[in-house]
Amino acid sequence: RKPKDMPEPAILRALFLHRDLPFHGGVAKSFLTYARHRDPRRVEMWAGSFLEPAPEMTASLAEAGAKVAKFGDNGYLGPAYQLRRFISGQGLGVVICGSFKSYLVAKLASRGSACRVIFWMPSIPLFILGRARQWLYRYLARQDTLIFISEAVKQAHAFPGHQGESPVVYYGIEDPFAQDELKPYPAEKRAEFGLPSDALLLAYTAEFIAWKDHNTLLNAFAKLATQHPRLHLVLIGVGELLEACRERTKGEAHADRVHF
């Protein structure tokens, strides 16, 4: 038990910042998982986005006691100006960034303030592209904390001369039996989704955008489908390339085994 004369710890005000907050996005979901499991007596949390957050994600974050902030997607200086005002107005102690753009914006916005910036890296490919970005990342992040979601991501993005902390923190996974909405579907549900009861299912949950690379998955499934007649693919998510993926599969021999 805490001694009576021990003061209450100061509340850390933290913003988790990403390009967008789609309901099916991996980074956004990790923000939600943290919101649900954090100690609200120690951390007051906001989730920030440059684009309009998905209403479902906004509602889920609100249920977890986290607020949502939008900073606009007009280049870098506009969002940085908005974020700087937000840092000052809310008294933020830290901004945790889940993308290269959010990291650059946060570094601009926090310049000269006491607010720390942490770069949290959730992937290897398509994350920091080009020599100019690589140089800028290594220059700006020399003393910042870098958080990696796996040893492989750390090996890809860690660099010599980095003086800050660099822990590996794996993605948090919700207990599927802790909440009704997360409980696995029973076998009887397969019929509702048009899936054979004896099908071997492969599932991919991701936003339908270019860097989620659904084309590579569909190419691989086309080869596997000829060898395994019970194999079915379920693609879960929304996004700008959803209809393009639907159209692509229509003319293929295994089209009836790809489900959206």
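For the single chain, residues carry numbers from 1 onward in sequence order.
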Visitor: One pair to check against side-chain contact (heavy atoms from CB on, under 4.5 Å): Val68 and Phe31. What are the steps and the verdict?
Guide: CA-CA 11 Å; Val68 173; Phe31 290 178; over 6 Å; no
Visitor: Just checking, Arg142 and Tyr139: is the charged tip under 6.0 Å from the six-membered ring centre and within 45° of the axis?
Guide: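 Judged by the rule (NZ or CZ under 6.0 Å from the ring centre, within 45° of its axis), Arg142 counts as positioned above Tyr139.
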Visitor: Tell me if the aromatic rings of His259 and Phe193 count as close, with their centers under 6.0 Å from one another.
Guide: no
Visitor: Would you name the heavy atoms of Val117 and Ser110 that are closest together and state the gap between them?
Guide: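 Here Val117 and Ser110 meet closest at CG2-OG, 3.3 Å.
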Visitor: Hey, mind stepping through Phe208 and Glu243 against side-chain contact (heavy atoms from CB on, under 4.5 Å) and telling me if it holds?
Guide: CA-CA 9 Å; Phe208 285 86; Glu243 291 307 316; over 6 Å; no
Visitor: Specify the closest pair of heavy atoms between Arg36 and Ala64, including all atoms of both residues, with the distance to one decimal.
Guide: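 Looking at all heavy atoms of both residues, the closest pair is CG-CB, 3.8 Å.
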Visitor: List the atom of Thr58, the atom of Pro53, and the distance in Å for their closest heavy-atom pair.
Guide: OG1-CB, 3.6 Å
Visitor: Could you tell me whether the side chain of Leu146 reaches within less than 4.5 Å of the side chain of Glu165, counting heavy atoms only?
Guide: no
Visitor: Between Arg38 and Ala35, is there a donor-acceptor pair closer than 3.5 Å when you use the side chain of the first and the backbone of the second?
Guide: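 Checking the backbone N and O of Ala35 against the side chain of Arg38, a donor-acceptor pair under 3.5 Å is found.
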Visitor: Rounded to the nearest 0.5 Å, how far does NE2 of His162 lie from CZ of Arg138?
Guide: 11.5 Å
Visitor: Answer whether the closest heavy-atom distance between the side chains of Phe23 and Pro55 falls below 4.5 Å.
Guide: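 Of all side-chain heavy-atom pairs linking Pro55 with Phe23, none is under 4.5 Å.
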Visitor: Taking C-beta and beyond as the side chain, do Tyr137 and Met121 meet within less than 4.5 Å on heavy atoms?
Guide: yes
Visitor: Would Lys101 and Phe50 count as a cation-pi pair here, with the cationic atom under 6.0 angstrom from the ring centre and within 45° of the axis?
Guide: yes
Visitor: Checking Lys154 side chain against Pro167 main chain: does a donor-acceptor pair fall under 3.5 Å?
Guide: no
Visitor: Determine whether the side chains of Asp213 and Thr216 contain a donor N or O and an acceptor N or O closer than 3.5 Å.
Guide: yes
Visitor: Got more than 12 heavy atoms from elsewhere within 6.0 Å of CZ, Arg246?
Guide: yes
Visitor: Under a plain distance cut-off of 3.5 Å, with no hydrogens placed, do Ser99 and Ser102 share a side-chain donor-acceptor pair?
Guide: yes
Visitor: Please lay out, stage by stage, how Tyr76 and Lys107 fare under the test side-chain contact (heavy atoms from CB on, under 4.5 Å).
Guide: CA-CA 11 Å; Tyr76 289 85; Lys107 292 293 285 186; over 6 Å; no
Visitor: Measure the CG-SG distance between Leu217 and Cys245 for me, rounded to the nearest 0.5 Å.
Guide: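 Rounded to the nearest 0.5 Å, the CG-SG separation comes out at 9.0 Å.
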Visitor: Pair His157, Phe148 - check ring-ring contact (aromatic ring centres under 6.0 Å, His included), show working.
Guide: CA-CA 8 Å; His157 296 303; Phe148 308 96; 7.1 Å; no
Visitor: Could you tell me which non-hydrogen atom of Ser49 sits nearest to which non-hydrogen atom of Asp20, and how far apart they are?
Guide: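 That closest heavy-atom pairing would be OG-CA, 3.2 Å.
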Visitor: Are Leu61 and Lys67 side-chain neighbours, meaning at least one heavy-atom pair lies under 4.5 Å?
Guide: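 A side-chain contact is absent here, since even the closest heavy-atom pair is not under 4.5 Å.
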Visitor: Shared ILVMFWY cluster between Leu202 and Val234, side chains joined below 4.5 angstrom?
Guide: no
Visitor: What residues, two or more places apart in sequence or in another chain, satisfy ring pair (Phe, Tyr, Trp, His ring centres under 6.0 Å) together with Phe221?
Guide: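 For Phe221 the ring pair (Phe, Tyr, Trp, His ring centres under 6.0 Å) partners, ignoring immediate neighbours, are His254.
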Visitor: Please report the interatomic distance NE2(His18) to OG(Ser30), rounded to the nearest 0.5 Å.
Guide: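 So the gap between those two atoms works out to 8.5 Å.
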Visitor: Side chains of Thr145 and Arg116: donor-acceptor distance under 3.5 Å anywhere?
Guide: yes
Visitor: From the options Ile236, Leu235, Leu233, Val238, select the one residue that forms a side-chain contact (heavy atoms from CB on, under 4.5 Å) with Phe260.
Guide: Leu235
Visitor: Give, for atom CG of Leu15 and atom CD1 of Ile96, the distance between the pair rounded to the nearest 0.5 Å.
Guide: 7.5 Å
Visitor: With the 4.5 Å side-chain cut-off for hydrophobic clustering, are Leu104 and Phe86 part of the same group?
Guide: yes
Visitor: Within this structure, what is the CG-CD distance for the pair Leu12 and Glu44, rounded to the nearest 0.5 Å?
Guide: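 One finds 9.5 Å between CG of Leu12 and CD of Glu44.
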Visitor: Is the shortest side-chain heavy-atom distance between Ile149 and Val168 below 4.5 Å?
Guide: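 No; the side chains remain at least 4.5 Å from each other.
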Visitor: Atom CG of Asp144 and atom CD of Gln163: how far apart are they, to the nearest 0.5 Å?
Guide: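 Atom-to-atom, Asp144:CG and Gln163:CD are 11.0 Å apart.
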Visitor: Between Arg41 and Ile11, which heavy-atom pair has the shortest distance, and what is it?
Guide: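 It is O-CG1, 3.4 Å.
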Visitor: Apply the test side-chain contact (heavy atoms from CB on, under 4.5 Å) to residues Lys223 and Asn219: give CA-CA distance (whole Å), side-chain angles for both, the deciding distance (0.1 Å), then the verdict.
Guide: CA-CA 7 Å; Lys223 295 181 178 181; Asn219 289 339; 6.0 Å; no
Visitor: Give the minimum heavy-atom separation between Pro79 and Val105, together with the two atoms involved.
Guide: C-CG1, 3.9 Å
Visitor: Can you hop from Leu51 to Leu21 via hydrophobic side chains spaced under 4.5 Å?
Guide: no
Visitor: Using the ring of each side chain (for Trp, its six-membered ring), is Phe119 parallel, tilted or perpendicular to Tyr103, with breaks at 30° and 60°?
Guide: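 Ring orientation, 0 to 90° scale: parallel.
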Visitor: Is there a salt bridge (charged side-chain N to carboxylate O under 4.0 Å, His left out) between Glu207 and Lys212? Walk through the geometry before answering.
Guide: CA-CA 7 Å; Glu207 187 178 1; Lys212 295 301 182 179; over 6 Å; no
Visitor: Measure from the side-chain N and O atoms of Arg84 to the backbone N and O of Arg111, and report whether any donor-acceptor pair falls under 3.5 Å.
Guide: yes
Visitor: Is any side-chain heavy atom of Asn215 closer than 4.5 Å to a side-chain heavy atom of Arg248?
Guide: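 Yes, side chains in contact.
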Visitor: So Trp46 and Phe16, do their side chains get closer than 4.5 Å, heavy atoms only?
Guide: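 Not in contact.
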Visitor: Going through the distances and angles, do Asp73 and Arg19 end up as a salt bridge (charged side-chain N to carboxylate O under 4.0 Å, His left out)?
Guide: CA-CA 8 Å; Asp73 195 36; Arg19 170 182 175 271; 5.6 Å; no
Visitor: Could you state whether Tyr204 and Leu242 fall into the same hydrophobic cluster, counting links through intermediate Ile, Leu, Val, Met, Phe, Trp or Tyr residues with side-chain heavy atoms under 4.5 angstrom apart?
Guide: yes
Visitor: Any side-chain heavy atom of Val95 sitting closer than 4.5 Å to one from Ile118?
Guide: no
Visitor: According to a 4.5 Å side-chain heavy-atom criterion applied to Ile, Leu, Val, Met, Phe, Trp and Tyr, with indirect links allowed, do Val169 and Trp120 form part of one hydrophobic cluster?
Guide: yes
Visitor: In this structure, is the centre-to-centre distance between the rings of Phe71 and Tyr81 below 6.0 Å?
Guide: no
Visitor: Take Glu247 and Lys250 through the test salt bridge (charged side-chain N to carboxylate O under 4.0 Å, His left out) and record every step on the way to the result.
Guide: CA-CA 5 Å; Glu247 287 298 319; Lys250 283 183 179 178; 2.9 Å; yes
